[in-house]
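Since this is a predicted model, take the numbers as computed values, not measurements.
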Amino acid sequence: MKTILATVDNKQPEQKWIKQAADILKNGGLVAFPTETVYGLGANGLDACACKKIYEAKGRPSDNPLILHIAEKKDLYTIVKEVPQKAEKLMNAFWPGPLTMIFQKEDCVPYEITGGFSTVAVRFPSHTVAQAIIKASGLPIAAPSANSSGKPSPTKASHVIFDLNGKIDMIIDGGNAEFGLESTIIDVSEEIPTLLRPGAITKEMIENVIGQIEIDPTILTKPSQNLVPKAPGMKYTHYSPKADVILVQGNDLSIVQQNINHFVERELQLSKKVGILATDQTKQYYDCGIVLSLGNRENLEEIGSNLFKHLRKFDFLGVDIVYSETVPEKGEGLAIMNRLQKAAGYKIINV
Ligand code: AMP
Ligand code: MG
C-alpha cells in the first residue's frame, strides 16, 4: 500500500488534508495523526472491520482495547450508557486534554474494539489537528498509539513513518507531540475511580477535583498471574527499545552516577555499545558511553516529553544496553517511572 504523507500547520491545518483524512476514515481506512500525547492511528471507532485493520497494522493483540476519541463533549453521550458525576467533574476540569475515562459502553460500540469488555475508553484530545480530523469525519475515532505494538510510542511523524509506512493509508505530520507520554487512564465505571495508567494529568490533579482514588497496583509492580492490570495493554512489556534497559535508583545522585560509570566501563570492556539516560544536572559527570539528557530534573514535563524519543534514538544508534537514572514517583514522575519500568522489563538496581 502507498501511504500518503502530508505535512500540516499544527495550529491551522490545511482543509484539503483534513478533508482527505476524514474521507479515508469514513471509508474504513487508517490515518495516523498528531495528538498532544503521542501520535494516534485512527479508524472509524464504530466499524469493527476498520478497527481490525488497526490491530493488523500495529501487530496489536486483539484483547487490547482501543480508546475512542471525540471532538465535542456531547458526543460522549452517544457512545456510553452513563456518565457518573465524578466523570462530569473530570471532564469539566481536564477535557479537552490528555485524560482518558472508562465508562459502560452503549450498544453501538462494537465489542471488537473493547477487547470484549462491556466498558469503553473515551478521550477528547486538545490538539487542533486531531480535533479537526475527528470533527470532519463526524465519527468517534479509535486511535491507539501509531507505533508497532511493543515499541515506544511515536512522538514525531518520523517515528510513525519508520513503523507504519506502507501499512496504512495516510500519515499527517503536525510536528512534535507536546506531552510525549500516552494519556492518563482512569476507570470511572465503578463507585471509586481507579487510575489504570498514569500520565500528564496526575493522580494529585485528579484527587484535587474528585477526592481520593485507587491506583492499579501494577502501575509500578510487575504484572503476574496473581496481579493482572485492569487495562489489558498494561500487561505487555511495552515501550521497550531493542536495547536492554536497566534502571539505577538511589537517594544520592552522585552514588547513582558513580555506579552507572562503573557499569558502563564493564560493558565497554565486553565490547558493548552503551547508552546512558541522564538529566541536565548529571550529564557532564558521565565519562563514556552515549549520553542523552532527558532534561531538567526539576521539569518532569520536559523529561516525559523526551523519554520515548530518546529510547528510539538509542535503537537508531544500535545501542546494546542502556543505563538510566530514575525520578521520584510524584506528580508526572509516576508516569515516567511506569514507562521506564516497562522499558526496563522491571530491571532495577538499587544503589
Ligand atoms: P493506547 O491506545 O496504545 O494508548 O492503549 C490504550 C490503553 O487503554 C491500553 O492499555 C488498553 O488496555 C486501555 N483500555 C482501553 N479500553 C479499556 C477498557 N475498556 N478497560 C480497560 N482498559 C482499557
Ligand atoms: Mg500504545
Considering only heavy atoms from C-beta outward, does the side chain of [X] approach that of [Y] to under 4.5 Å?
X      : Y      : answer
Ile70  : Leu76  : yes
Val274 : Val319 : no
Ile54  : Pro144 : yes
Pro61  : Ser149 : yes
Thr35  : Arg123 : yes
Lys135 : Glu72  : yes
Leu195 : Leu334 : yes

**Report entry** Side-chain donor/acceptor of Asp173 to backbone N/O of Val8, under 3.5 Å
**Finding:** no
**Report entry** Any donor-acceptor N/O pair, Asn64 side chain to Gly233 backbone, under 3.5 Å
**Finding:** yes
If we count only N and O atoms by modelled type, under 3.5 Å, do the side chains of [X] and [Y] hold a donor and an acceptor together?
X      : Y      : result
Asn44  : Lys26  : no
Thr184 : Arg197 : no
Tyr285 : Gln258 : no
Thr194 : Asp187 : no
Lys309 : Asn306 : yes
Ser126 : Glu36  : yes
Thr202 : Glu332 : no
Thr282 : Thr279 : yes

Is the number of heavy atoms from other residues, nucleotides or ligands under 6.0 Å of [X] [atom1] greater than 12?
X      : atom1 : result
Ile192 : CD1   : no
Lys313 : NZ    : no
Gln284 : CD    : yes

Query raised in the report: Between Tyr111 and Lys105, is there a cation-pi geometry (under 6.0 Å to ring centre, at most 45° from the normal)?
Result: yes
**Report entry** Parallel, tilted or perpendicular: rings of Trp95 and Phe124 (30°, 60°)
**Finding:** perpendicular
Query raised in the report: Do Phe308 and Leu41 belong to the same hydrophobic cluster, where Ile, Leu, Val, Met, Phe, Trp and Tyr are linked whenever their side-chain heavy atoms lie under 4.5 Å apart, directly or via other members?
Result: yes
Query raised in the report: Between Ser153 and Glu182, is a side-chain hydrogen bond (donor to acceptor under 3.5 Å, both in side chains) present by the stated rule, with each step listed?
Result: CA-CA 8 Å; Ser153 290; Glu182 306 86 349; 2.5 Å; yes
Requested in this report: Show your working on side-chain hydrogen bond (donor to acceptor under 3.5 Å, both in side chains) between Ser224 and Asn226 and close with a plain yes or no.
Outcome: CA-CA 5 Å; Ser224 66; Asn226 301 326; 5.0 Å; no
Query raised in the report: Name the one of Lys73, Met101, Glu88 that satisfies side-chain contact (heavy atoms from CB on, under 4.5 Å) with Val83?
Result: Glu88
Report summary line: When rounded to the nearest 0.5 Å, the distance separating CG of Leu68 from CG of Leu139 is 10.5 Å
